Each structure stands twice: as C-alpha cells, then as structure tokens.
Amino acid sequence: MPVARSDTLELRSAADVVSVRQAVRTWAIEAGFSLVDQTKMVTAASEIARNTIDYGGGGTATLELIVEGPRRGLRVVFEDTGPGIPDIQQALTDHFTTGNGLGLGLGGAKRLVNDFNISSRVGEGTRVVITRWK
Amino acid sequence: MSAATDAVIPRILKTNEAELLDEWLKEQLTAFRPGSKISETELRGQSKEFLNLLQQATQAGHVTDIQAPSFGRVRDMLGDVSRSRGLQGFSPSETATFVLSLKRPLFARIRTELGGDADTLATVTWSATELFDKLGLYTTEVYQKSREEVIKRQQQELLELSTPVVKLWDGILALPMIGTLDSARTQIVMESLLQRIVETGADIAIIDITGVPTVDTLTAQHLLKTVTAARLMGADCIISGIRPQIAQTIVHLGVDLGAVITKATLADAFRRALEMTGQRQRALKPRA
Amino acid sequence: MDRIPILKLRDLLLVSIQVDMHDRLAMQLQDELTAKISETGARGVLIDISSLDIVDSFIGRMIANIAAMARVLDAETVVVGMQPAVAITLVELGLNLPGVRTALNVDKGMALLESATPDVEDLPDADAGRTE
C-alpha cells in the first residue's frame with residue numbers, strides 16, 4: 001500500500017494524547033472522511049494512545065495517509081517498548097482491565113476502525129496498527 | 001523526430017482547415033445514428049473550435065505529448081466534450097468517435113502533402129497516430145470518470161430519498177423507513193435522524209418500520225444503536241410498525257429491545273409521543 | 001494550566017466543557033465538582049458537552065462517575081448537548097452511560113432538573129397521596 005505522507009508524534013504524557021487526537025482529526029479531514037468517520041478514528045486513536053502511555057510506558061504514534069487504488073485511508077501505528085501484553089485475546093475482551101478503566105479501550109477501538117492489528121512480545125513492547133478507509 | 005517533420009501537422013491543420021472540418025463532420029455524422037442526440041450546428045461548433053485549439057497546441061512543438069502545457073486547452077475542451085456526452089448518455093464509442101473520426105481526413109491530407117517523400121510520410125503518420133491514440137484514450141478516461149460520478153450521485157440521491165425525516169408535531173419527528181436495511185443505509189439513516197434531532201430540538205423521534213420487510217440481527221442491532229445514540233443526546237425514540245413476524249424474529253434472535261418503547265402503528269406511537277411531551281390535550285382539542 | 005469553570009446558578013451547578021480534555025483535566029473536574037456539590041448543597045448538575053468533538057472511554061467514565069458521585073451527594077446530573085457523531089461513536093465503543101440523564105440543550109436540561117427536584121409548592125399529582 002503506497003503511503004502518501006507520514007508523520008511521527010511522541011507519546012509521553014496525557015497532553016500528548018490530545019496532540020495525537022488533533023493530528024488524527026486534521027489528517028482525517030484531509031483524507032475526506034465524513035464527520036462520523038473522523039470522530040470514530042479520533043476516538044480509536046485516543047484509546048490506543050492512552051494505552052501506549054499508561055501500559056506501554058510511552059512510545060510513538062505514526063500517522064500515515066494511504067492510497068490504494070481509488071481508496072484513501074488513514075493508518076496510525078502505535079509503538080512502545082513497554083512490558084508487552086501476555087494474553088492479547090484477553091486484552092481485547094470488553095470489560096477486561098488491568099488498570100482502572102472500563103476495559104473498553106482495545107476492544108472498543110477495534111470496533112471503531114476497519115482494520116485492527118496488534119502484536120506484542122512480553123518484555124519487548126507492543127505495536128498496534130489501526131486503519132480506517134474513507 | 002525533427003523540427004521539420006514536427007511542423008507538418010500544424011501546417012496541414014492550418015492550410016486545410018475548411019476542408020478538414022467538412023470531411024471530419026461528414027465522418028462524424030455517418031458514425032452517429034439518425035435522430036442523433038446532438039445537432040449538426042452544435043457538432044460543427046465543437047469541431048471547429050477543436051481544430052483551432054489542436055492547431056495551436058501542435059504549433060508549439062511536442063506534437064505527441066498531450067500532457068504538455070501547450071495542450072492544456074485541447075485537454076480542457078476534449079474533457080468538456082467527453083464529460084457532457086457522458087452525462088447525456090452517449091455510449092463510449094459515440095464519445096470517442098469525436099476525436100477518432102478526424103484521423104481519416106487528416107491522414108488523407110498528410111498523404112497528399114507528402115506523397116513523394118516516403119520517409120517523412122511514415123514519420124508524420126506515426127506521430128499523428130500516436131497523437132490520436134492518446135487523445136482517444138484521454139477521451140475515454142474522462143468519459144469513464146463522468147459516468148462514475150453519475151452513478152455515485154445517483155446512489156447518494158437514492159439513499160437520501162429513501163430516508164426522509166419528517167416533523168409530525170412540535171418536538172416530534174418521524175422517520176418512515178421503507179425497504180431493506182443494509183449497514184451502509186442504516187448508517188445514513190441513523191446520522192440524518194440524529195442530525196435532524198439536533199437541528200429541530202425534537203424530544204422524540206418515531207422510527208416507523210412498517211415498510212421494512214424483514215429484520216435480521218444486524219438491522220435490529222443498528223436500530224438499537226440508533227435508539228441508544230439518540231438517548232445519549234437527550235432524545236427518546238419510539239419504534240412503530242413492527243410486524244408480527246418481525247416481532248418473532250427479534251425474540252428468536254435474542255435481541256433485547258426491552259429498553260425501547262415499541263408501538264404497533266405509527267398512530268399509536270404518535271399518541272404516545274404526544275403524551276410524553278405533555279401535548280396530548282392541545283393536540284386533541286381541535287377534534288373535540 | 002487549563003481549568004474548567006464551574007458556575008453556580010441558584011441550586012444548580014453548570015459546567016460547560018470548552019477545551020479538548022486531557023485525562024488530568026478530567027480527573028481535576030471530577031474532584032472539584034464533587035467538592036463544589038457538597039460545599040453548595042446543589043440539587044442538580046448540568047454538564048454541557050456540546051463543544052466536545054470526541055468522548056472516549058476515559059472521558060465517558062469520568063462523566064458516569066460524576067453522575068454517580070453526585071447522586072450519592074443527593075444531586076441529579078444531566079449531560080446536555082452531545083453531538084450526533086460523538087453519540088454514534090460512543091455507542092459503537094460500547095459505552096451507553098446507563099444511569100446518566102441527558103438532554104438536547106441547556107434549556108431542556110434545566111427543565112429536566114427542575115422536574116426531577118420539585119419545589120414543595122408544585123409537587124405533582126403522583127405525590128398527592130403523601131401529606132405535607
């Protein structure tokens with residue numbers, strides 16, 4: 001898939017989650033997303049960005065504008081070098097949480113995007129890729 | 001290709017303009033079916049303008065490079081012709097005929113002009129072929145795009161037509177749904193209903209599904225999501241017109257509509273909505 | 001540091017969230033609002049979120065928590081002005097905010113709170129059986 005443009009943002013503090021949200025919003029508008037689609041993508045990015053900080057100890061978010069034939073999409077790759085997730089299936093289950101949230105973060109984010117990919121190694125880190133098509 | 005051979009095509013276009021136009025028109029008119037969608041006067045106008053622009057563009061050199069800036073106006077005009085033919089329902093070949101039918105008259109002129117010089121004739125003929133192939137392809141591309149736009153617009157119009165949100169009373173909206181609900185359509189229905197709730201400040205929205213033949217799990221869930229989203233915004237929904245077999249399906253599918261107000265008919269739903277907004281007295285007064 | 005102002009209107013508290021909320025700000029609002037309810041003895045809380053262009057699970061949880069805590073402190077909470085796109089996304093996310101009352105705008109939210117916390121003089125018929 002050809003990447004038309006990309007940009008990487010740091011994720012260190014709660015304020016960075018807001019920056020990621022704003023960047024995803026701007027890019028989603030440029031990609032021609034409808035208001036609802038923008039909102040879904042921004043919300044999904046917000047969930048994963050928070051996870052990256054809270055559970056991954058911080059990391060990066062890379063935004064990519066992708067063009068595949070007539071389709072345009074927005075992809076965000078979240079990477080951290082934190083403790084990793086031992087049981088991904090469990091982490092994706094609604095209402096499962098190790099923190100103090102509602103446990104809707106990962107599973108909820110997955111429902112808000114078209115493609116969702118997660119890979120993790122205990123002790124090495126976690127990588128989550130979310131994509132939404134116009 | 002040398003500058004000398006490059007100059008042949010624009011020269012022929014210029015010196016034989018009137019003859020080319022006549023012959024080209026004849027070609028076009030035989031290609032079209034009788035009772036055609038375009039008048040001869042209009043065709044003559046288009047053809048004359050195109051010949052003019054083509055002559056200017058080829059004059060600037062780069063005879064076969066139709067992406068060159070000098071071809072800008074040729075592309076624009078050809079694009080306009082193809083687009084308007086695409087929108088008027090011309091077939092792809094009818095559309096491409098416009099530019100392709102100029103080939104024969106032009107080639108005949110080239111042969112007359114360069115008859116004795118076989119080498120130059122071959123070179124010029126080749127570049128003329130290349131030029132017309134490119135123009136023909138460009139025409140088809142624009143045509144194709146304009147057809148796609150038509151289809152897209154019609155799809156959008158159909159979706160919007162099929163989801164009218166009407167105001168029944170102060171603060172009461174109704175959405176009569178007709179036909180099968182797929183996920184794309186339901187999303188549009190949902191969005192337009194919620195948007196209208198915000199615009200009108202309506203407290204209650206009635207979703208009438210009398211015209212919906214069947215309900216599957218996905219549709220039922222979409223309905224439920226619409227109701228939930230409306231509640232989050234501060235409006236209540238009533239679902240009316242649930243047919244007996246749909247009621248059975250919903251229960252068999254295990255979809256919980258427990259928290260949703262349902263009514264048999266739109267009239268019942270309306271009455272309930274008036275009660276909920278405390279407007280029952282006012283509404284019934286004219287009848288008394 | 002940003003701060004979300006809490007206005008007192010008679011026996012109601014009005015919060016209008018105008019900034020893009022980060023998590024610390026949300027926690028701070030929760031703390032300050034509960035403190036203010038108990039300090040003023042407010043009977044109702046109106047949270048206007050019409051300017052919020054997203055509500056994720058964290059902000060959603062904060063809203064649900066405020067409503068629950070307010071109820072313990074004997075105050076009703078009404079969330080007003082949620083945008084359609086936000087509502088659709090929240091539902092998809094799986095967050096239905098049960099137990100949180102909602103209204104389309106501040107006006108309707110006030111009316112809802114007034115009917116939920118009736119003054120003695122306009123007790124509705126439902127309470128007619130009770131003697132004053």
Side-chain angles (χ1 to χ4, degrees), chain B residues 163 165 167 169-173 175 181 183-205 207 218-237 239 255-261 273 275-281, chain C residues 16-17 44-57 59-64 66-67 76-116 118 122 124-126:
Chain B
T163 57
V165 182
K167 182 178 170 179
W169 205 263
D170 281 345
I172 303 173
L173 294 178
L175 175 73
L181 290 175
S183 126
R185 194 177 154 215
T186 313
Q187 193 181 341
I188 290 187
V189 171
M190 189 161 164
E191 286 175 34
S192 60
L193 178 66
L194 299 181
Q195 195 53 49
R196 288 277 286 158
I197 288 176
V198 173
E199 286 164 13
T200 60
D203 296 303
I204 297 179
I207 304 174
L218 215 57
T219 313
Q221 276 166 355
H222 278 312
L223 277 174
L224 204 57
K225 281 180 190 169
T226 310
V227 175
T228 312
R231 196 197 67 80
L232 284 175
M233 291 164 48
D236 286 311
C237 286
I239 299 180
V255 179
D256 183 16
L257 286 182
V260 183
I261 308 168
E275 281 168 10
M276 286 163 73
T277 53
Q279 293 182 99
R280 186 147 190 254
Q281 298 305 316
Chain C
S16 181
I17 303 175
V45 179
L46 264 179
I47 306 177
D48 175 17
I49 60 165
S50 55
S51 303
L52 277 191
D53 57 11
I54 76 149
V55 171
D56 64 6
S57 65
I59 303 170
R61 182 167 63 102
M62 183 271 301
I63 292 172
I66 288 177
E76 275 293 330
T77 304
V78 177
V79 173
V80 304
M82 187 185 289
Q83 294 297 321
V86 173
I88 291 171
T89 304
L90 264 189
V91 173
E92 209 67 54
L93 195 60
L95 208 62
N96 301 338
L97 301 182
V100 178
R101 309 183 74 169
T102 52
L104 287 173
N105 50 44
V106 174
D107 259 6
K108 287 176 191 282
M110 296 263 260
L112 191 63
L113 279 177
E114 274 159 19
S115 67
D122 55 31
D125 289 350

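Keep in mind that what you see is a predicted model, and the values were worked out from it rather than measured.
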Check: C/Lys108 side chain, B/Gly234 main-chain N or O, donor-acceptor pair, under 3.5 Å
no
Looking only at heavy atoms, what is the nearest atom pair of C/Thr102 and B/Leu232, with distance?
CG2-O, 3.2 Å
Give, as side chain, backbone, both or neither, the part of B/Ala202 having an atom under 4.5 angstrom from any heavy atom of chain C.
backbone
Contact origin within C/Val80 toward chain B - heavy atom pairs under 4.5 Å:
neither
Considering non-hydrogen atoms only, spot the tightest contact between B/Met233 and C/Ala87 and give its length.
CG-CB, 3.7 Å
Counting only heavy atoms closer than 4.5 Å, note whether B/Leu224 contacts chain C via side chain, backbone, both or neither.
neither
Heavy-atom nearest pair, C/Pro84 first then B/Gln195, reads CG-OE1, 3.7 Å
To the nearest 0.5 Å, what is the distance between CD1 (C/Ile88) and CG (B/Leu194)?
5.0 Å
Considering only heavy atoms, which portion of C/Asn96 lies under 4.5 Å from any heavy atom of chain B: side chain, backbone, both, or neither?
both
